[in-house]
2 protein chains.
Amino acid sequence: MTILRTPLADGSARGIPDATVARLPVYLRALNALAEQGVATCSSNDLAENAGVNPAKLRKDLSYLGSYGTRGVGYDVEYLRYQIAREIGQTQDWDVVIVGVGNLGSALSAYQGFSTRGIRVAALVDADPKRVGTTISGITVSSLDDLTAIVEERAISIGIIATPGEAAQEVADRLVAAGVTSILNFAPALVQVPDGVDVRKVDLSIELQILAYHEQRKAGKEATA
Amino acid sequence: MTILRTPLADGSARGIPDATVARLPVYLRALNALAEQGVATCSSNDLAENAGVNPAKLRKDLSYLGSYGTRGVGYDVEYLRYQIAREIGQTQDWDVVIVGVGNLGSALSAYQGFSTRGIRVAALVDADPKRVGTTISGITVSSLDDLTAIVEERAISIGIIATPGEAAQEVADRLVAAGVTSILNFAPALVQVPDGVDVRKVDLSIELQILAYHEQRKAGKEATA
DNA sequence: AAGAGTTTGTGAACGCGTTAACAAAATCGT
DNA sequence: ACGATTTTGTTAACGCGTTCACAAACTCTT
C-alpha cells in the first residue's frame with residue numbers, strides 16, 4: 001500500500017505536489033497578462049517564458065490538473081485561466097484577518113495586489129489599546145480579545161501575523177483557538193501549531209541575509225582573482 | 001568533469017548547498033536566543049528544536065561549514081554563533097537601497113528586524129517627484145535619477161524593489177546599471193537580470209493563494225465526510 | 001583505567017522535483 | 001488524402017535534499 005500525494009477522502013482531488021501548487025498562482029498571473037494583451041491561445045513555451053519557468057516543468061505541472069491543452073495547438077488562455085483559478089480556489093474571495101497593525105500590518109492592509117487575487121482583508125486586530133478603534137485603509141482596528149468573535153462571524157479561515165516576534169506564538173495560539181486553519185507568519189519567530197493547521201513563513205531579514213551571503217562570496221572571489 | 005556546488009576560484013569556500021544557506025540565518029537566530037537565555041553549550045537536538053528542523057539536517061548543514069562541535073558535548077553557543085555569522089557575512093553591516101516608498105517600502109524602511117541582522121537601510125529612492133525630498137524613518141527620499149550616484153557613493157550592492165509590478169523591470173535594469181548585484185523583489189512581476197546578479201522574490205499574494213488552495217482542499221474534504 | 005553514556009560527523013538510502021526526450025495527436029499545405 | 005510540422009502529455013533519467021543509522025570521539029562514573 002503506497003499513498004501518493006495525500007489523496008483526498010472523496011477521491012476527487014488528484015494530490016498536486018507542493019512545488020506545483022506554489023507555481024500555479026504564477027501561471028495564473030502570466031495567463032492574466034496574456035489575456036490582457038488579447039492573446040487567445042498560447043503554447044507551453046510562450047506561457048513558460050512569461051512565467052519564468054522551464055516549458056517541460058510547466059507542462060508537467062499542468063498535467064496534474066488535467067489535460068487542458070490541444071496537441072499541435074497549445075492552450076486556450078481563457079479556458080486554462082479558469083481551470084487554474086478553480087483549482088486554487090480563486091473563483092471565490094478569501095477573507096483574511098491581519099493581526100498587528102504596525103508598519104508592516106498597515107502596509108499589508110493597504111496592499112493593492114490582494115484584491116485582484118481573490119484575497120480580501122476583512123478585519124484588522126491589534127493588542128495595543130491605543131491602536132484599537134483607529135481606522136486603517138478603511139477598516140476599523142479591533143481588539144485582539146474580539147478575535148474569536150470576528151473570525152466566527154465572518155467565517156475567516158486565514159490569518160496573517162504581523163506582530164513582533166515575541167508575540168507571534170501567543171497570536172498563533174489565539175488564531176487557532178478562534179478557528180483559523182491557515183496562517184501566514186511575518187514575525188521573525190517560529191510558531192507551533194496543531195496538526196491540520198498550515199503555516200507559511202515570510203522572513204524579510206532572512207531573504208536579505210541570503211543575498212548578503214552571496215554578495216560576500218562574490219566579493220571574496222574577485223579579491224583573489 | 002563534474003563540478004560540485006559552484007566552487008570558488010580560490011578554492012577556499014566549500015560550496016554550501018542553497019538549502020543550507022537559507023537555513024543558516026535561522027540557526028543564527030536560534031543561537032542568539034539561546035545566548036540571551038544564558039545557555040553556553042547546546043546539543044544538535046536543542047538547537048534543532050529551537051530552529052524547527054530535524055537534528056540530523058542541522059548537523060549535516062553545520063558539517064558544510066566545518067567541524068565546530070565536540071562529540072559527547074555539543075556546540076559552544078558563542079563560538080558557533082560567530083562561525084555562522086562569519087560564514088554568512090554578518091560580521092559586517094550591509095547597506096541596502098529601497099526603491100519605491102509606497103506603503104510597503106515605507107514599512108520596510110522602518111522595519112526593526114533589519115538592524116539586528118546586519119542589514120542597514122542606507123537610502124530610499126522613488127520615481128514620484130511628490131515623494132522625493134520627504135523624510136521616512138529618518139531618511140530623505142531621493143530621486144530615482146540619482147540612484148547610480150547613491151549606489152556608487154555608498155558602495156551599495158543590494159537593492160530592494162518595492163514598486164508596483166509595472167515598474168519592476170525598469171527599476172531592476174537601473175539597479176543593475178548602477179552596480180547592484182543582488183535584488184530582493186517584492187513587486188508581483190518577473191524581472192530579468194544578467195548573469196552574476198542574484199534575484200530573490202517575495203510575493204505576498206502568492207503566499208496567501210497557496211494557503212487558500214489548502215483551505216479549499218480542507219473544505220472539500222469535510223463536505224464529503 | 002575502563003566501561004557506560006552522550007553526541008557529533010558522515011556514509012548510504014530514499015524520496016521529491018526537475019529536465020530531457022519522445023510518442024501521440026492535432027493542424028497545415030499541397 | 002497524406003506527409004510535414006507543431007505541440008502536448010508522459011515516461012524515464014538525473015540531481016538535489018532529507019533522513020536514517022552508526023562509527024568515532026568525547027565525558028563521566030566508579
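Naming convention: chains lettered A, B, ... in sequence-line order (proteins, then strands); numbering from 1 in each chain. Keep in mind that this is a model prediction, so the values were computed, not measured. Just the heavy atoms: all of them, side chains too, but no hydrogens, waters or symmetry mates, feed the values below.
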Are OP1 or OP2 of D:dC26 and a side-chain N or O of B:Tyr75 less than 4.0 angstrom apart? no
Mapping A:Ala56 and B:Gly74 onto DNA chain C by nearest heavy atom, which one lands closer to the 5' end? B:Gly74
Let me know the distance between NZ of B:Lys57 and P of D:dC20, rounded to the nearest Å. 11 Å
Any luck finding a side-chain donor-acceptor pair between A:Asp61 and A:Tyr27 under 3.5 Å? yes
Mind checking if B:Ala19 touches a base, just sugar-phosphate, or nothing, with heavy atoms under 4.0 Å? sugar-phosphate
Expressed as a whole number of angstroms, how long is the span from A:Asn45:CG to C:dT19:P? 14 Å
Which atom of A:Gly159 lies closest to which atom of A:Val180, heavy atoms considered: N-CG1, 3.6 Å
Atom-pair distance (CG on A:Leu58; P on C:dG17), nearest Å: 17 Å
Ring centre gap for B:Tyr111 and B:Phe114 strictly below 6.0 Å: yes
Show me the dot-bracket string of DNA chain C, counting Watson-Crick or G-U pairs under 3.5 Å, with | for pairs to another strand and [ ] for crossing ones. ||||||||||||||||||||||||||||||
In short, side chain to side chain donor-acceptor pair (under 3.5 Å) pairs touching residues 161-172 of chain A with sequence neighbours left out are A:Gln169-A:Asp173, A:Glu170-A:Arg174
Let me know the distance between CD1 of B:Ile16 and C1' of D:dT18, rounded to the nearest Å. 18 Å
Which sits closer to the 5' end of DNA chain D, A:Tyr68 or A:Gly72, going by the nucleotide each is nearest to? A:Gly72
With the side chain of A:Lys60 defined as its heavy atoms from C-beta on, choose the nearest nucleotide among D:dT11, C:dT27, D:dG9. D:dT11
Which pair of heavy atoms, one from A:Ile88 and one from B:Gln216, lies closest together, and at what distance? C-OE1, 3.7 Å
Report yes if at least one side-chain N or O of A:Tyr64 is closer than 4.0 Å to OP1 or OP2 of C:dG17; otherwise report no. no
When only distance counts, do a donor and an acceptor, one from the side chain of B:Arg71 and one from the base of C:dT8, lie under 3.5 Å apart? yes
For D:dT7, take OP1 and OP2 only and decide whether either is under 4.0 Å from a side-chain N or O of A:Ser44. no
Respond yes when some side-chain nitrogen or oxygen of B:Asn54 is under 4.0 Å from OP1 or OP2 of D:dC20, and no when none is. yes
Starting from P on C:dT27, measure out to CG on A:Asp76 and report it in whole angstrom. 14 Å
Could you tell me if the ring centre of A:Tyr75 sits under 6.0 Å from that of A:Tyr68? no
Compare side-chain N and O positions of A:Arg23 against OP1 and OP2 of C:dT18 and report whether any pair is under 4.0 Å apart. yes
Expressed as a whole number of angstroms, how long is the span from B:Arg59:CZ to D:dA24:C1'? 13 Å
Can a donor-acceptor pair be found between the side chains of A:Ser44 and A:Arg59 at a distance below 3.5 Å? yes
From CG of B:Leu47 over to C1' of C:dG9, roughly how many Å is that when rounded to an integer? 15 Å
Closest-nucleotide ordering on DNA chain C, the 5'-leading residue of A:Asp61 and B:Thr70: B:Thr70
Heavy-atom nearest pair, B:Leu144 first then B:Val125, reads CA-CG1, 3.3 Å
